[in-house]
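Here's the structure we're looking at; comments come further down.
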Amino acid sequence: MRPGHGTGHRTPGERDGPRRVVIVGAGLAGLLAAAILKPALRRAQWRVDLVGPRPRSAGPAAVATGPDFTRLLRGAGLDEAVLMRRCAGTYRLASRFEDWFEAGTGHWLPLGPTGPRPNGLDLFHYWVRVALAGGQAGAYGDYALNARLAAEARGPSGPDGASPVVEAGDYGVHLDRDALLGFLRDLARAEGVRWSEGRVGGVRRDAFGRVTAVDLEDGRRVAGDLFLDCSGAAGRLIGTELGEPWLGETAGGREGMWLSLPPDPAWTPATAYRGVAAGWTARLPLADRTACHLVAGSGEAAALARGLGLEAAGAAAPLRLGHRAAPWRENVVAIGAAAGTVAPLAGLDLSLILAAIAALIDYLPRGPVEAPLRRAYTTRMGRLQAAARDAVALHEGLVRRSEPFWARARAAPLPDSLADRLDLYEAAGCIEEALGAFDETAYLHTLAGAGHLPQRAFAPAELASRHESERFLAAVRDRTARLADAMMPHAQHLARIHGALPEPAATAALRPEPVAPDPLALLRRSEHGARLLDRVLALGQPFGSEGSIKAAGGRLQADRFLLSLHRTALGLDPGRTVGRIAAELGLAGPAGAEAAAAIQGADILHLGFEDGPGGPLYKLYVEWSAEADRRWRAGPEPGERPVLVHRAYKWSPLKAADPVVTLYHWPCLRSPDEIARHLDRHLEQGAEATGAIALGLAREVLGIVRARGRGLPHYLEAREEPGPRLSYDLNLYATGLTVAAVEEAMARAFAALGVPPAEAGAALAARRGETLGHVAAGLGRDGVPFVTLYSGVRAQGAHGHLGSQGQER
C-alpha cells in the first residue's frame, strides 16, 4: 500500500471528513447541485451553502433533458407534472436532425433503447445484417418506439399513464430555463440550502493551498470544507484562484443566440435540429412558445437569424469549448461550464452536469483520505467529457455539406478515441467504449442516419439466418407500430398538465432554407432501380450519380442512371465486394467472376440501370482510367494503339441469359478536329440512317465545343460481343457546358429518331441547367439507331471520385 493512500495516512492539507459544502455559482449547475446534494447529505447533517448573485434572465432560452434527469426526479420523489406546469414543459422522446449530414436528408435520434436486444446485442446488428444483404430492412429509426411516437406526435404513455417508456423512464422534457432556475431555487431552499446572494470578492486559502472560505463583495464570509465551482466558464475558484489549465478552444470560433417563436402547431415531442448554410438551429417546443437556438460562426449569428426571417432580440454569446485538465483540485470540484463545455447538442451539456453531481456523491470524502477519490472522480469525468466531445465530433465529422461553416467543422481532426471507434465499427460492425448519455444505441442511430454502414455486420449477428432476421425485424416493426398506436397524442398529454394550449400564430415562424429535391429519390422510381441504389448506399462510401435520357425506336427512356465508385470505396477486397453485388443483382457465374477479377487492377466501378421497352436492365462497367490518363498526358506517339477504358456487362434481372459484353476503347484522339475526321471515316461506313443521325449530331456538338467549350472532349467507341453495336461516346464534362448548350441539337436528333417533339422538349428543358456529361449515338445492341444524353453528375458523399466522368481531358 502506497504511503499517503491507505487508511490512516493523510496527504498534506487533508482533514477529517468535511461537513460544510459551499457551492459558488447560482446558475443551472449550482442550483442543480444544491437541490440534489442537500437531500442526499441530509442524514449526515452536512450543511450546504450556495453563494452567488441571482442569475440573470436567460431570455427565451430552454433546456432539453434526457432520461437521466427523469430518473433523478423520480429518485427525489418530485412531481413531474408540477415541474412541467411551472416550466411550460413538453415531453422529449427524441431528437430529429434535418438537412444535417446533407441537404434533403433527415434521421431520428431516439432516447432510450431500440426494440429488444436479441442475444444481448443491439437490434442494429441484425438490422444491418439484413440491410447489407439487400433485404427488407427499412430505416433503423422505424424500430425505435420513441422515434415512432415522436414522428406521430404522441406522448410517452396511453390514457392510463402506463407504457414501457414511462416504466423505464426513457424520456426527457423541454423546460423554460428561467422557470427551471426558479423551481430549483425554491426546491433548494425548501431542503434547507442557505443562499448568500452576492458576488465573490476574494478567496481565502490555507498553507497547503486549499480553499477555506470565500469573501463576498459586501464583506460577508462563507467558510467551508469542500467547494463546488459552478461559476461558469471563467472558473472563479478552479481557474482564477487555483490555476487549473483549460484545454481546448478558447473561443471555439462560434457563437449562439436564443430566439422565441410561436408554439409548435404539431406539438412534436422532439428537439428539432436543422443544418443551414451558416450553421445550425435547434427548436425546443414549450407549452407557450418554441425556443430556438442558433449556432453560427463567430460574428455570424445575427446574419443567420435575418437569413431565416427572424429578428434577433439580443446579442449572441460566444461558445467556449474545452475542459479543465483536472476538474477536482485540492478541495475544489468544478461542475458545469467551469469543468468543461461541449457544443449545445442533444442535451449533452446538461447530462455532464448531472453525471458530475452523481460522481461527486459516489466519491464524496467521508474521512481523512481524499487523493484516491479525486483520482477516481477525475478519471470518470475525463472519460465522460471525452465521450461528449466525441459525440459532437461524430455529428460534424460525418457532414457532407460544403458551406464554409461545415467545411471548417469537418476539417477538424477526429479525436483519436473517436477515430479508433469508427475504424472498429467499419471493420467489425460494432461500437465499443461508448459512455455517458451518448451510448452505443445513439452512435448506431447517428451512423445509420448518415448512411455510414460498416463493411459487415457484427460477427455474432452474422451467424443468424438472414431470413430469420428479416422475419424478426418485421415482427419488431409491427409491435412498435401497435405500441405507438396505443399512446395518447402529445397535445392531449399537455392539455392534462397545462390546460388549454395557445393557438400558434400564423405570422411568425422559423423559415427553413429552401431544400433542393433529393436526387436519389428519382432513382427509386422502379423496384429494380431502388434495389441497385440500396446496394451502393449499403457500402457507406462516397459515390457519383448521373442521369441520362435515351431516344430509340420513337421512344424516350428517362428512367436511367449510373452510379460510380472508386475502387478504394469497395473495401480491402474489391473483387469480393464486386462479386457479391453482381450476384445479388443477378450477374453470377463466369461473367460475375470475370468482373470481380477485373476490378482488382482497375480504377472505377460503374453500376447502371435502365428501364425500357425490353424491361429492366442492369449494367456493370469496369474502368481503367489510369492508363488512359497516362497516355493522354504523354502526348501522341507513332502507331498508337487504342486503349481499353471500359469493359461493361449488361443483363436483365428477369431473364436467365448470358450478359452482353461491351468494350469501350479510346482511339487516342485528342482534339475536336481529330474526332470529327475519325467519325467521318468510320460512321459513314455503317447503316445509312445510323450514320446520318449520329454523324450529324457529333458534328454539331463538336462545333459547339469549339465555339463555347473550355476544355477538350474525350472520345470512346463501343462494340459489343456478340452484337451489331457500333457507336461513339463523347465525354463533355471537361468542356464546362450545360445541357442548354446542346438542347437544340439534341431535340433535332431525338425528333429524327421518331420521338414526339413535345416529349423531347420537356425532357430536355427539365435538364437545361445540368452539367453536360456525355452524348452517345450510333447503332444499339438491338440493331436500332439510338441517341443518349448523360448529364447532372453529382457527388454523393464527402469526396466523390467519378472516374472518366470528371476527367479534364
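When reading the values below, keep in mind they use all heavy atoms of this one structure, side chains included, and skip hydrogens, waters and symmetry mates.
No donor-acceptor pair closer than 3.5 Å links the side chain of Asp229 to the backbone N or O of Val333. Between the side chain of His125 and the backbone N or O of Pro118 there is no donor-acceptor pair closer than 3.5 Å. Not a single donor-acceptor pair under 3.5 Å links the side chain of Arg421 to the backbone N or O of Ile431. Checked by atom type and distance alone, the side chain of Ser163 pairs as donor or acceptor with a backbone atom of Val165 at under 3.5 Å. A donor-acceptor pair is defined here as one N or O able to donate and one able to accept, closer than 3.5 Å; no such pair exists between the side chain of Arg194 and the backbone of Asp49. Side-chain N or O atoms of Arg92 include one that pairs as donor or acceptor with a backbone N or O of Thr65 at under 3.5 Å. Side chain of Thr70 to backbone of Tyr171: a donor-acceptor contact under 3.5 angstrom is found. Between the Ser231 side chain and the Arg236 main chain, a donor and an acceptor come within less than 3.5 Å of each other. Looking only at distances, no side-chain donor or acceptor of Arg19 sits under 3.5 Å from a matching main-chain atom of Asp225. Using a distance-only test at 3.5 Å, with no hydrogens or angles considered, no donor-acceptor pair links the side chain of Asp178 to the main chain of Ser57.
Comment: Asp176 engages Arg289 in a salt bridge, judged by a side-chain N to carboxylate O separation of less than 4.0 angstrom. Checked for salt-bridge contact, Glu98 and Arg274 miss the test: no charged N lies under 4.0 Å from a carboxylate O.
A heavy-atom distance below 4.5 Å is found between the side chains of Val222 and Leu216.
The two residues Pro110 and Ala144 make their nearest non-hydrogen contact at CG-CB, 3.6 Å. Taking both residues in full, the closest heavy atoms of Pro344 and His293 are given as CG-CE1, 3.6 Å, listed atom of the first, atom of the second, then distance. Between Ile353 and Gly336 the shortest heavy-atom distance is CG1-CA, 3.8 Å.
Environment of CZ in Arg71: crowded, with over 12 heavy atoms of neighbouring residues, nucleotides or ligands closer than 6.0 Å. Surrounding CZ of Arg199 are at most 12 heavy atoms belonging to other residues, nucleotides or ligands under 6.0 Å away.
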Can Phe405 and Val276 be said to form a side-chain contact (heavy atoms from CB on, under 4.5 Å), step by step?
CA-CA 9 Å; Phe405 175 91; Val276 294; over 6 Å; no
Checking Asp264 against Arg283 for the salt bridge (charged side-chain N to carboxylate O under 4.0 Å, His left out) test, could you report, in this order, the C-alpha distance in whole Å, the side-chain angles of both residues, the deciding distance, and whether it holds?
CA-CA 9 Å; Asp264 174 15; Arg283 283 173 292 161; over 6 Å; no
Steps toward side-chain contact (heavy atoms from CB on, under 4.5 Å) verdict (Arg479, Leu145):
CA-CA 9 Å; Arg479 179 175 180 272; Leu145 176 57; over 6 Å; no
Please evaluate residues Met487 and Glu152 with respect to the criterion side-chain contact (heavy atoms from CB on, under 4.5 Å), reporting the C-alpha separation (whole Å), side-chain torsions for both, the decisive distance (0.1 Å), and the verdict.
CA-CA 10 Å; Met487 300 299 107; Glu152 297 177 4; over 6 Å; no
Does the pair Tyr443 and Leu418 meet the rule for a side-chain contact (heavy atoms from CB on, under 4.5 Å), with working shown?
CA-CA 11 Å; Tyr443 262 94; Leu418 176 59; 3.7 Å; yes
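Figure legend: cation-pi geometry between Arg320 and Trp246, with NZ or CZ positioned under 6.0 Å from the six-membered ring centre and within 45° of its axis.
Ring to ring, His452 and Phe101 are not that close: their centroids are 6.0 angstrom or more apart. Ring centroids of Phe97 and His395 are separated by less than 6.0 Å, placing the two rings close together.
In this structure, the separation between CD on Gln492 and CZ on Arg154 is 9.0 Å, given to the nearest 0.5 Å. Rounding to the nearest 0.5 angstrom, the gap separating the CG atom in Leu304 from the CD atom in Glu255 is 9.5 Å. Note: Leu184 CG to Cys87 SG = 7.5 Å, rounded to the nearest 0.5 Å.
A donor-acceptor contact closer than 3.5 angstrom is absent between the side chains of Thr268 and His490.
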